[in-house]
**Student:** 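Attaching a single structure in structure tokens format; questions to follow.
We name chains A, B, ... by the order of the sequence lines, and we start the count at 1 in each one.
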Amino acid sequence: MDKLVLIDGNSIAFRAFYALPLLTNSAGTYTNAVYGFTMMLMKVLEEERPTHMLVAFDAGKTTFRHKDYQEYKGKREKTPDELSEQIPLIKEVLDAFGIHHFELEGYEADDIIGTLAREADQKGIPVTIVSGDKDLLQLVTDGVQVLLTRKGVTETEKYDVQGVKDRYGLEPKQVIDLKGLMGDTSDNIPGIPGVGEKTALKLLHQFGTVENVLDHLADLPGKKLKERVAEHQEQARVSKELATIYCEVPMEISIQDISYTPFDPERVAPLFKRLEFKTLLEKVQADGPEAPEELEAIRYHIVTAEDQDEWEPLLKQDCLALFVELTEENYHKAEVIGMALSDGKEYLYIPLETAMQWESLQKWLADERQEKIVYDVKRTRVALKRRGLEFKGYVFDLLLASYLTNPSESGHELADIVERKLDGSLPADEKVYGKGAKRRQLEGEELAEHLARKTSAMIRLYPVLEEELKEAELDELFYDLELPVADVLARMEWHGVKVDRERLKALGEELQQQLDELTDKIYDLAGTEFNINSPKQLGEILFDKLGLPVLKKTKTGYSTSADVLERLAPQHEIVEQILHYRQVGKLISTYVEGLLKEIYPETGKIHTRFNQTITATGRLSSTDPNLQNIPIRLEEGRRIRQVFVPSEKGWYILAADYSQIELRVLAHLSKDENLMAAFRKDMDIHTKTAMDVFGVSEDEVTPLMRRQAKAVNFGIVYGISDYGLSQNLNIPRKEAAAFIERYFESYPGVKRYMDETVQQAKKQGYVTTMLNRRRYLPDINSRNFNRRSFAERTAMNTPIQGTAADIIKKAMVRMDEVLREEGLKARMLLQVHDELIFEAPEEELATLSRLVQQVMEEPVELSVPLKVDVNTGETWYEAK
DNA sequence: GACATCACG
DNA sequence: ACGTACGTGATGTCT
């Protein structure tokens, strides 16, 4: 079955260029447009499987259109050099793929595409056209469809005849009439002044074509419109002509000349290498013949009870790399398989069996003076502790170090770090062990060899990362904060949190009964049974069957998110029931069932893992289970907290949380007089903001005003935008913009600080927190509005969120010390971004409250006071 | 595995 | 005109 794909070369290159940051390869060649173009190309090849293919480019500056209308494309800015340099490279890529490309003096890519599409259509060959330009929609027929880029380059939307009708209510041919009326600024086609898309569509729905509109001047609605159209009749006709794609280009090539056969990876790979398209290279090579990776041989030794004594001298050496291998990711459940040890010359693998009876090794592990380099201390410590082994003397953690050098980076597996900082000589665990169902545990020689590679990589990474930390002035943060925090977290995780299993079960049953009742009610109101959990089925019920208005769409269909449903609630009783169903359903699946699964039967405790190397801002995250998102906002969910109880009889839960830490940090960073004064007087900050923004006195602030002011404060912390605020408050954007303006008038120091932070980010490429934590913002100078705006908001938010994270981490380290110095039995259990949760015997509560407050309020010296509220109770729920 | 949704700070 | 609030993790659908 034949299939023709036609690509609008210039249009796709243009889209790719603006969608991606200005990448270069190490030779300094710009490659972003080439990269985006190639990604799109490969996707189209895979999805469309063409038998014939052509990429058309525009040629020269003038086309036949300029004869009739010299201003055609007149105002268009010159293509930037960074882009035009890349066009020849794109053509090279096409050559490597064996794809024909073509351009013709005097004609545009559109015309070439139109001519070939028509030819194919007449021969009954299906055609797909790929472009970023809506004009091409005029070519759509039953046999010709158009793929328009939607967002980025690879995301496209497919248009057939029905698709064009759905989107514009027009036949494809009428697209040129649309342009004739409304014009096109980018091509400098005038259309009729004052007629935009809305008016143009209205006219076309009534009259069909430009000519017919002009024939019925008298029937047009509105005096102004009549005048305008009458005055610009000729201009409309010319505009329509300019927008019309010419489908009879005289060219010597036709369809049989542009056949395409699947490309040869051998031809493509060298070019991808030169351009440094790593992921694409892997992709074409994976499709092609498997090239086994060439790894250098490494000499290792598997230690046994018989020969362990020979290796004792190694344990006396200065600084060794240690890697402990586990059976699974969750180190609270995993078994230790064995450990690898190296000084950079010898590579040892010590099976657990050997380790468990090798006394000098155990002594070495526990000896604080014996320095070790590890990858993930927290994991290592907990895993060894489960085997009853003490672990001390770790002086460097490659995982934490890698994270600090660039917290935005997504992977910090040892292999990822080797890839980034060295030479990629360590195969990823996933490659070696396989993933999913294919995962297997290596044994013996194979395992020993892989682990030897790991310790070898660690030895080589150490000086590189150490130097990098120093270079970026991250060493203090690393040694004095993150490394000690890992230690504190290890203790918290190891100790765990006690959960009242029976109470959780009872709560679950109660909720399940509610859910059943809600389900019946919803089926009844809907008149049918369906899966309420399926947004698709729910959307069909609400919007098709019950005819509720569609306020928002997602890319796959109707949106049924809570903010939409809340607005629909007054229109139909079912909506409120669904909201309630969702709420209860969430509690059951995530919190009741989810938590029950995580309770360790022997102890009745939950042991979460705090991830210290995930967030871009320096915060922690928590998994398996996530104990940082236990419900609190709604009473029904808040009851989940009743099941979190002290682990010993007669003990209590103590919760200490920072009051407005982020806004206090902002006051400090910005030195805004008004904001600092507010906190020094310990005012209610949202009320204060309301007074300033609405220009009223304290007792005139209404609950609504305070609520809106609170949203403004959130907006400020998040890196304000009028649109975001308007969405949040459900108000027009102009009103939101006015709020922001009033805010900045009242807090000029904040405004200045935000501007300076963004400027600084643009200049140096990153922002920092109070303790020098660093986040790079590669998009801060992007010419893509979206990317740049996002980076700017991030630049404003990260120093605030990140400094708050620095502060609580420091408090945790200090608090852990204080607990031991004071000889308290109390334990730190959890951290939830701005609060710390403890458990303690009753007699320690008063002391602990005092100490916690004191410690949390003084980790850093700010220009405003830090404030901490402390609460105690028999459960987490009570400690409010 | 992607997507939508929703829990938290 | 562009189209978003900042930072996370878990769950259920559906392909």
**Student:** Which part of the nucleic acid does A:V717 contact within heavy-atom distance under 4.0 Å: base, sugar-phosphate only, or nothing?
**Tutor:**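 It contacts nothing in the nucleic acid.
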**Student:** Please confirm whether the shortest side-chain N or O distance from A:R793 to OP1 or OP2 of C:dT4 is below 4.0 Å.
**Tutor:**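 No.
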**Student:** If we require ring centres under 5.5 Å and near-parallel planes under 30°, does A:Y723 stack on C:dT4?
**Tutor:**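 Whether judged by distance or by angle, A:Y723 passes, so it stacks on the base of C:dT4.
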**Student:** Phosphate oxygens OP1/OP2 of B:dC6: is one of them under 4.0 Å from a side-chain N or O of A:R582?
**Tutor:**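 Yes, A:R582 has a side-chain N/O under 4.0 Å of OP1/OP2 on B:dC6.
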**Student:** Taking only side-chain nitrogens and oxygens of A:Q801, does any of them come within less than 4.0 Å of OP1 or OP2 of C:dT8?
**Tutor:**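 Negative; the distance criterion is not met.
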**Student:** Describe the nucleic acid contact of A:F785 in one word from base, sugar-phosphate, nothing, applying a heavy-atom distance below 4.0 Å.
**Tutor:**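 Contact class for A:F785: base.
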**Student:** Under 4.0 angstrom, heavy atoms only, what part of the nucleic acid is A:I632 near: base, sugar-phosphate, or nothing?
**Tutor:**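 Answer is sugar-phosphate: A:I632 comes under 4.0 Å of backbone atoms only.
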**Student:** Does A:T615 have a side-chain nitrogen or oxygen under 4.0 Å from the phosphate oxygens OP1 or OP2 of C:dG7?
**Tutor:**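 No, because none of the side-chain N or O atoms of A:T615 sits under 4.0 Å from OP1 or OP2 of C:dG7.
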**Student:** Of all the choices, C:dA10, C:dA5, B:dT5, which nucleotide is nearest to the side chain of A:S559 once you look at every atom?
**Tutor:**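 Selected nucleotide: B:dT5.
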**Student:** With heavy atoms under 4.0 Å as the rule, sort A:N629 into base, sugar-phosphate or nothing.
**Tutor:**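 Base: the residue A:N629, judged by heavy atoms under 4.0 Å, touches a nucleobase.
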**Student:** Drop me the distance from A:L481's CG to A:L771's CG, to the nearest 0.5 angstrom.
**Tutor:**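 One finds 6.5 Å between CG of A:L481 and CG of A:L771.
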**Student:** Both distances below 3.5 Å, Watson-Crick or wobble geometry, any strand: find the nucleotide opposite B:dC6.
**Tutor:**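 By the stated definition (distances under 3.5 Å), C:dG9 pairs with B:dC6.
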**Student:** Describe the nucleic acid contact of A:D624 in one word from base, sugar-phosphate, nothing, applying a heavy-atom distance below 4.0 Å.
**Tutor:**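 Since only primed, P, OP1 and OP2 atoms lie under 4.0 Å of A:D624, the category is sugar-phosphate.
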**Student:** Look at all strands and tell whether A:E662 reaches a base, only sugar-phosphate, or nothing, counting heavy atoms closer than 4.0 Å.
**Tutor:**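 Touches nothing.
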**Student:** To the nearest Å, give me how far apart CZ (A:R775) and C1' (C:dG7) are.
**Tutor:**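 Those two atoms, CZ and C1', are 8 Å apart.
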**Student:** Between A:T560 and B:dT5, is there a contact of a side-chain N or O with OP1 or OP2 at under 4.0 Å?
**Tutor:**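 Answer is yes, contact under 4.0 Å.
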**Student:** Ignoring hydrogens and geometry beyond distance, is the side chain of A:S721 in donor-acceptor contact with the base of C:dT4 at under 3.5 Å?
**Tutor:**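 Counting by modelled atom types and ignoring angles, a donor-acceptor contact under 3.5 Å is found here.
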**Student:** Starting at CG of A:D563 and ending at C1' of C:dA5, how long is that distance when rounded to a whole Å?
**Tutor:**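 Rounding to the nearest Å, CG of A:D563 and C1' of C:dA5 are 13 Å apart.
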**Student:** Classify A:N533 by what it touches in the nucleic acid, base, sugar-phosphate, or nothing, heavy-atom distance under 4.0 Å.
**Tutor:**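 A:N533: backbone/sugar contact only, no base atoms under 4.0 Å.
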**Student:** Would you mind telling me which of A:L675, A:L666, A:V758 makes a side-chain contact (heavy atoms from CB on, under 4.5 Å) with A:Y753?
**Tutor:**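 The option that passes is A:L666.
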**Student:** When the ring planes of A:Y600 and A:H607 are compared, do they come out parallel, tilted or perpendicular, using 30° and 60° as the limits?
**Tutor:**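 Answer is perpendicular, since the angle exceeds 60°.
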**Student:** Rounded to whole Å, please give me the gap between CG in A:N730 and C1' in C:dA5.
**Tutor:**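 Value for this atom pair: 14 Å.
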**Student:** Is A:Q727 touching bases, backbone alone, or none of the nucleic acid, heavy atoms closer than 4.0 Å?
**Tutor:**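 Touches nothing.
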**Student:** Please work out if A:T798 contacts a base, only the sugar-phosphate, or nothing of the nucleic acid, heavy-atom cut-off 4.0 Å.
**Tutor:**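 Nothing, no heavy atom under 4.0 Å.
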**Student:** Any N or O donor-acceptor pair linking the side chain of A:Q628 to the base of B:dC8 at under 3.5 Å?
**Tutor:**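 Checked by distance alone, the answer is no.
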**Student:** When the P atoms of B:dC8 and C:dG3 are compared, how many Å lie between them, rounded to an integer?
**Tutor:**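 It works out to 31 Å between them.
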**Student:** Using a cut-off of 4.0 Å on non-hydrogen atoms, how would the nucleic acid contact of A:G715 be classed: base, sugar-phosphate, or nothing?
**Tutor:**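 Base: the residue A:G715, judged by heavy atoms under 4.0 Å, touches a nucleobase.
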**Student:** Using OP1 and OP2 only, check whether a side-chain N or O of A:T556 sits under 4.0 Å from B:dA4.
**Tutor:**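 Answer yes for this pair, as a side-chain N or O of A:T556 is under 4.0 Å from OP1 or OP2.
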**Student:** Quick one: is the NZ or CZ of A:R783 closer than 6.0 Å to the six-membered ring centre of A:F17, and within 45° of its axis?
**Tutor:**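 Verdict for A:F17: a cation-pi partner in A:R783.
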**Student:** Under 4.0 Å from OP1 or OP2 of B:dC3: is there any side-chain N or O of A:T554 that close?
**Tutor:**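 Negative; the distance criterion is not met.
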**Student:** Do A:R633 and B:dG9 share a donor-acceptor pair, side chain to base, under 3.5 Å?
**Tutor:**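 Under the 3.5 Å cut-off, the side chain and the base do form a donor-acceptor pair.
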**Student:** Return the nucleotide paired to C:dC2: Watson-Crick means purine N1 to pyrimidine N3 with N6-O4 or O6-N4, wobble means G-U with N1-O2 and O6-N3, both under 3.5 Å.
**Tutor:**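 Partner of C:dC2: none.
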**Student:** Is A:I630 touching bases, backbone alone, or none of the nucleic acid, heavy atoms closer than 4.0 Å?
**Tutor:**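 It contacts sugar-phosphate atoms only.
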**Student:** Across the strands shown, which category fits A:A805 at heavy-atom distances under 4.0 angstrom: base, sugar-phosphate, nothing?
**Tutor:**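 Counting heavy atoms under 4.0 Å across all strands, no contact is made by A:A805.
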**Student:** For the P atoms, the ones on B:dA4 and on C:dA5, what distance do you get once it is rounded to whole angstrom?
**Tutor:**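 Pairwise P distance, B:dA4 against C:dA5, rounds to 13 Å.
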**Student:** Using the P atom as the reference point in each nucleotide, state the distance between B:dT5 and C:dT4 in Å, no decimals.
**Tutor:**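 Approximately 15 Å lies between the P atom of B:dT5 and that of C:dT4.
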**Student:** Checking all strands, does A:R733 fall into the base, sugar-phosphate, or nothing category for heavy-atom contacts under 4.0 angstrom?
**Tutor:**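 It contacts base atoms.
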**Student:** Going by heavy atoms in the side chains, are A:Q801 and A:E662 under 4.5 Å from each other?
**Tutor:**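 SC-SC contact between A:Q801 and A:E662 confirmed.
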**Student:** For A:A736, which contact category applies under a 4.0 Å heavy-atom criterion: base, sugar-phosphate, or nothing?
**Tutor:**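 If one applies the 4.0 Å heavy-atom cut-off, A:A736 turns out to touch nothing in the nucleic acid.
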**Student:** Would A:R379 and A:Y331 count as a cation-pi pair here, with the cationic atom under 6.0 angstrom from the ring centre and within 45° of the axis?
**Tutor:**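 Pair A:R379/A:Y331 does not count as cation-pi.
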**Student:** If you define the side chain from C-beta out and look only at heavy atoms, does anything of A:L620 sit under 4.5 Å from A:K809?
**Tutor:**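 Counting from C-beta outward, A:L620 and A:K809 do come under 4.5 Å.
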